[in-house]
Number of protein chains: 2
Amino acid sequence: MLSLSFLKDLLLMPHTAPDLSNSHRTMHVVNHVRALIENGTLQPGDKIPPEREFARALKISRASLRTGIGYLAAMGVMKIRHGVGTFVADGPPDLGKASLSLIGALHGFQTWQMFEARIILERSLAALAAERGKEEHHARMSEEVAEMFATIERPADYLIHDVLFHRIIAQASGNPILAAVMETVTSSMYDKRRKTVERATDLRESAEMHREIYRAIRVRKADEARDLMEKHLRMAQTAQGAERPADRKVSTTSAAARRPRPRTARS
Amino acid sequence: MLSLSFLKDLLLMPHTAPDLSNSHRTMHVVNHVRALIENGTLQPGDKIPPEREFARALKISRASLRTGIGYLAAMGVMKIRHGVGTFVADGPPDLGKASLSLIGALHGFQTWQMFEARIILERSLAALAAERGKEEHHARMSEEVAEMFATIERPADYLIHDVLFHRIIAQASGNPILAAVMETVTSSMYDKRRKTVERATDLRESAEMHREIYRAIRVRKADEARDLMEKHLRMAQTAQGAERPADRKVSTTSAAARRPRPRTARS
DNA sequence: CTCGGTAGGAGGTCAGACCACGTCAAGTAT
DNA sequence: ATACTTGACGTGGTCTGACCTCCTACCGAG
């Protein structure tokens with residue numbers, strides 16, 4: 001009787017509790033590091049003590065310490081460099097880039113869905129950048145646009161500046177959360193784009209559009225920037241042939257098959 | 001001279017390479033699991049072999065196997081249950097919920113930024129749900145709205161159905177990527193909300209708004225659903241006193257201080 | 001001054017033993 | 001016969017301590 005409401009909470013709100021992620025020691029490490037970060041002792045780019053030493057300090061085995069560090073590294077909070085040390089991440093924040101492609105494989109993400117997500121995100125990002133961007137950002141954007149025009153003949157290089165341009169807009173938006181999300185989504189598309197770009201034919205047009213976006217942002221025309229960005233991405237999507245299938249019969253494969261119950265084993 | 005362009009790529013495109021995340025064995029495990037997932041051998045909810053056995057199969061030590069599994073678990077791809085086994089995640093996909101709060105602490109995410117992100121995401125999600133939602137979703141949404149009205153006197157319970165309602169919309173949007181992103185963002189706000197909700201006074205009004213949103217989605221009025229959702233969230237934001245400070249002087253603390261160089265150590 | 005090698009420090013892997021938690025079925029009491 | 005207790009077993013969690021690999025910095029040879 002009471003088990004009913006109990007199970008309900010447990011099954012439907014799997015994230016209410018501190019997660020089933022890890023166990024004592026691992027969380028101990030994570031929380032310790034979290035504390036160090038929150039109280040400012042640890043800042044982006046800093047190096048943490050060597051494993052042996054750190055483990056001794058936390059009174060846990062090196063193995064457990066490593067589990068915790070690995071957890072943090074997996075989430076992009078720390079960067080491990082073999083033979084050098086472990087550092088607090090400092091680059092553009094991301095929510096575990098690798099995760100999206102894995103989870104994507106698991107849940108069957110489609111390319112058009114990535115574009116849809118990207119359009120929704122970058123539309124707003126462009127508008128916000130137009131409202132809040134600073135000279136610093138404008139300068140860097142301008143620079144990347146110039147680089148794009150300069151590398152029209154070298155698709156691989158062009159793509160780098162393309163990505164950089166969008167990343168700067170994300171930063172200029174003044175919302176690191178959205179920037180992190182965009183970073184996650186786009187990075188999972190990078191590989192695919194790198195292949196497609198090679199046979200691209202209209203990089204010039206693409207560069208033009210970037211310049212227009214830049215101009216709109218510079219003169220703080222949010223609506224214009226937003227519309228241009230959307231137009232740009234839709235064009236990119238078309239170029240990559242990733243339109244959403246007109247009216248798939250959506251066999252509910254994903255939603256229905258997952259309902260049953262967490263079946264136990266299987267070899 | 002050439003080192004310049006070289007460094008540029010390395011520093012500005014930290015995700016070009018296979019990431020500096022982990023080492024041989026760990027990646028070996030990750031790739032192996034990825035392969036199993038992609039070829040359909042492993043599906044959501046499935047249990048993977050016991051560590052000892054799996055490790056032997058991959059010809060690596062149990063410790064390394066555990067590192068890899070830990071990596072996957074950290075990203076939300078797998079769920080580990082002590083004393084039971086390790087399973088492929090099956091719930092609503094998320095990009096490492098814990099990561100956002102950690103990365104948030106690291107980069108100083110603000111509450112208003114979370115709301116901003118949430119508004120941008122859910123606006124679109126509501127619109128998409130209106131366009132693509134199925135009867136199944138409508139039914140479940142309706143149910144949650146009813147539950148909300150029924151639990152107006154119990155904020156804690158109300159919040160559960162509130163979250164559920166938004167989650168169903170995300171599913172109804174037909175874009176699991178956006179749903180996953182939203183899940184990640186909202187879950188990091190859950191704790192805060194649970195505290196705020198206790199002293200909430202106008203849950204009735206909140207419930208009304210949810211019903212309106214539901215109706216708009218049901219009759220497939222995308223624009224209306226989008227606007228109502230935005231209105232709803234802005235109201236929630238105000239209730240939680242998380243407006244964006246009018247014109248903070250943005251001391252560039254975050255952007256400027258991180259420039260220098262990856263300073264080496266610091267005890 | 002430059003080049004090459006070497007020593008040390010840091011992370012990566014391994015092995016095997018033991019601990020902690022959940023499950024389920026055998027056993028016991030009712 | 002049913003219901004509760006209890007303990008064996010399987011699974012993940014932790015520990016120890018040894019060894020490997022990689023990167024860096026130092027230092028002597030040229």
Side-chain angles (χ1 to χ4, degrees), chain A residues 3 6-7 10 17-33 45-74 77-89 261-267, chain B residues 3 7 10 17-33 46-74 77-89 261-267:
Chain A
S3 67
F6 169 72
L7 277 180
L10 215 56
D19 254 357
L20 36 167
S21 333
N22 305 56
S23 28
H24 292 181
R25 307 306 162 84
T26 301
M27 284 308 259
H28 182 40
V29 175
V30 173
N31 288 328
H32 186 77
V33 172
D46 281 359
K47 179 175 183 282
I48 71 174
E51 295 184 346
R52 288 150 176 101
E53 188 181 322
F54 205 2
R56 205 179 327 121
L58 293 185
K59 266 93 77 68
I60 62 177
S61 75
R62 197 184 148 210
S64 297
L65 187 268
R66 276 177 61 70
T67 304
I69 299 298
Y71 184 90
L72 292 167
V77 176
M78 311 206 78
K79 303 288 186 183
I80 305 176
R81 294 175 57 191
H82 187 170
V84 182
T86 304
F87 307 78
V88 178
R261 63 263 158 275
R263 58 190 194 286
T264 315
R266 117 118 56 147
S267 164
Chain B
S3 67
L7 277 180
L10 214 56
D19 255 357
L20 35 167
S21 333
N22 306 56
S23 30
H24 289 183
R25 305 308 163 85
T26 301
M27 285 309 259
H28 183 40
V29 175
V30 173
N31 288 328
H32 186 76
V33 172
D46 281 358
K47 178 172 183 278
I48 69 174
E51 296 184 346
R52 293 158 176 89
E53 186 181 322
F54 205 1
R56 205 179 325 120
L58 292 186
K59 266 93 78 64
I60 63 178
S61 75
R62 195 181 151 213
S64 298
L65 187 268
R66 276 177 61 70
T67 304
I69 299 298
Y71 183 91
L72 292 167
V77 176
M78 312 206 76
K79 302 288 186 185
I80 306 176
R81 294 174 58 191
H82 187 171
V84 183
T86 303
F87 307 77
V88 178
R261 64 267 159 271
R263 58 191 193 286
T264 315
R266 117 116 58 143
S267 165

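Protein chains get the first letters and strands the later ones, always in sequence-line order, with residue 1 at the start of each. Everything numeric here is computed off the predicted structure, so don't read it as measured data. All values below were derived from every heavy atom in this structure, side-chain atoms included, with hydrogens, water molecules and symmetry-related copies excluded.
- When the P atom of D:dT14 is taken as reference, atom OH of A:Tyr71 falls 13 Å away, rounded to whole Å.
- Rounded to a whole Å, the NZ atom of A:Lys47 is 11 Å from the C1' atom of D:dT24.
- Listed nucleotides D:dT14, D:dC15, C:dG12 differ in distance to B:Arg66; the shortest reach to its side chain belongs to D:dT14.
- Atoms CD (A:Glu51) and C1' (D:dT21) sit 13 Å apart, rounded to a whole Å.
- Within the structure, a side-chain polar atom (N or O) of A:Arg25 is placed less than 4.0 Å from OP1 or OP2 of D:dC15.
- Contacts of A:Ala63 classified as side chain to side chain contact (heavy atoms under 4.5 Å, CB included), with partners at least two apart in sequence or in another chain: A:Ser61.
- The separation between A:Met78 atom CE and C:dA10 atom P is 15 Å, rounded to whole Å.
- At whole-Å resolution of the value, CD1 in B:Ile69 and P in D:dG13 are 10 Å apart.
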* Where protein sits on nucleotides 16-22 of chain C, one letter per nucleotide: B base, S sugar-phosphate only, - none, heavy atoms under 4.0 Å -> -BB-BBS
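- Distance B:Met27 CE to C:dG12 C1': 15 Å, rounded to the nearest Å.
- Note that OG1 of B:Thr26 is 10.5 Å distant from CG of B:Asn31, once rounded to the nearest 0.5 Å.
- Contact record, A:Val30 with A:Gly68: CG2-O, 4.3 Å, taken as the closest heavy-atom pair.
- Checking the phosphate oxygens (OP1, OP2) of C:dG12, no side-chain nitrogen or oxygen of B:Ser64 falls inside 4.0 Å.
- Residues satisfying the ring pair (Phe, Tyr, Trp, His ring centres under 6.0 Å) criterion with A:His32, sequence neighbours excluded, are A:Phe54.
- An OP1 or OP2 oxygen of C:dT13 is reached within less than 4.0 angstrom by no side-chain nitrogen or oxygen of B:Ser61.
- In this structure, A:Phe54 places its CZ atom 14 Å from P of C:dA10, rounding to the nearest Å.
- Spacing between atom CD1 of A:Ile80 and atom C1' of D:dC23 amounts to 15 Å, rounded to whole angstrom units.
- Between the CD1 atom in A:Ile48 and the CD1 atom in A:Ile80 there is a gap of 8.0 Å [rounded to 0.5 Å].
- Take A:Arg25 and apply the salt bridge (charged side-chain N to carboxylate O under 4.0 Å, His left out) test, not counting sequence neighbours, and it matches no residue.
- Neither OP1 nor OP2 of C:dG11 sits under 4.0 Å from any side-chain N or O of B:Ser23.
- The phosphate of D:dT14 has neither OP1 nor OP2 within less than 4.0 Å of any side-chain N or O from A:Thr67.
- Judged as a side chain to side chain contact (heavy atoms under 4.5 Å, CB included), and not counting sequence neighbours, the contacts of B:Ala55 are B:Arg62, B:Leu65.
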